[in-house]
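Scroll down for the structure; my scribbles are underneath it.
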Amino acid sequence: MRNIVLLLRKKRLVNALFVVYLLLVLRLTVFRPGFWPLHLFQGWTASEPWNYYGSFVQQGRWRLLFWDFLWNYPGNIIGFLPLGGWLIWRNRRCPLWKAAGVGLALSFLIETSQGVFGVGTVSVSDLMANTLGAWLGAWLLKNAQLDAKRRVEWPPL
């Protein structure tokens, strides 16, 4: 536990890891195969879960539906946990709603870029899951910091 605390105090290392995280998120969402800046608005697709998953149900492809659902929603939530955690790590007093707002803004940028460059499916459900992930990451780190502070102050004098 002490090693983790020392590691988190290394601001440069954590910031460098966060930049790597952001680049990875952008690579997985926007700069993936098929990306080309000259393909503006080609292949713009917008999908909502009820349309997308409805096609799986109509075709009776339940196994694929299950795995796609498992990959999509928890993946989007888990993918944005570091963003919220990093915001709280940088500023302990950052309110949770601001962390969620930054997650929403980054997710909106990603979803818009996917639509503009035609490399993905624009989905409001991704916005919601990513925003929830950023909020949850901030909440988890904020509570971990509070617990660590309580343990240091124990026993009360």
### Query
Considering only heavy atoms from C-beta outward, does the side chain of L104 approach that of N130 to under 4.5 Å?
no

### Task
Walk me through it: do N91 and L87 pass the test side chain to side chain contact (heavy atoms under 4.5 Å, CB included)?
CA-CA 6 Å; N91 179 9; L87 290 168; over 6 Å; no

### Message
If you define the side chain from C-beta out and look only at heavy atoms, does anything of W89 sit under 4.5 Å from N15?
### Response
yes

#### Entry: Path from L140 to Y73 over hydrophobic side-chain contacts below 4.5 Å
no

### Task
Check whether any side-chain heavy atom of W139 lies under 4.5 Å from a side-chain heavy atom of I88, and answer yes or no.
no

### Query
Do the side chains of V14 and L141 join up, straight or via other hydrophobic residues, at under 4.5 Å, putting them in one cluster?
yes

### Task
For side chain to side chain contact (heavy atoms under 4.5 Å, CB included), just list the numbers for Y21 and L83, CA-CA rounded to whole Å, side-chain angles, deciding distance to a tenth of an Å, and then say yes or no.
CA-CA 9 Å; Y21 156 77; L83 175 65; 3.8 Å; yes

### Query
Are the side chains of L26 and I110 in touch, meaning some heavy atoms are under 4.5 Å apart?
yes

### Query
Are V25 and W135 co-members of a hydrophobic cluster defined by side-chain heavy atoms under 4.5 Å apart?
no

### Query
How many angstroms lie between atom CG of L24 and atom CG of L17, to the nearest 0.5 angstrom?
12.0 Å

### Summary
What one should report as the nearest heavy-atom pair of K142 and R93 is NZ-C, 4.4 Å

### Message
Once ring pair (Phe, Tyr, Trp, His ring centres under 6.0 Å) is applied, do any residues pair with F108, and if so which ones, sequence neighbours excluded?
### Response
none

### Query
Are side-chain heavy atoms of S107 and E111 found at a separation under 4.5 Å?
yes

### Message
For a quick test of reading the model, state the closest non-hydrogen atom pair linking A99 to C94 and the distance between them.
### Response
N-SG, 4.3 Å

### Message
Please say yes or no: joined through hydrophobic side-chain contacts below 4.5 Å, possibly via intermediate residues, are L96 and I78 part of one cluster?
### Response
yes

#### Entry: Counterpart residues, side-chain hydrogen bond (donor to acceptor under 3.5 Å, both in side chains), relative to T131 (two or more places apart)
none

### Message
Hydrophobic cluster membership, with links at side-chain heavy-atom distances under 4.5 Å among I/L/V/M/F/W/Y: are L23 and V30 in one?
### Response
no

### Query
Do the side chains of L106 and F80 get nearer than 4.5 Å, heavy atoms only?
yes

### Query
Looking at F18 and P82, what are the two nearest heavy atoms and their distance?
CE1-O, 4.2 Å

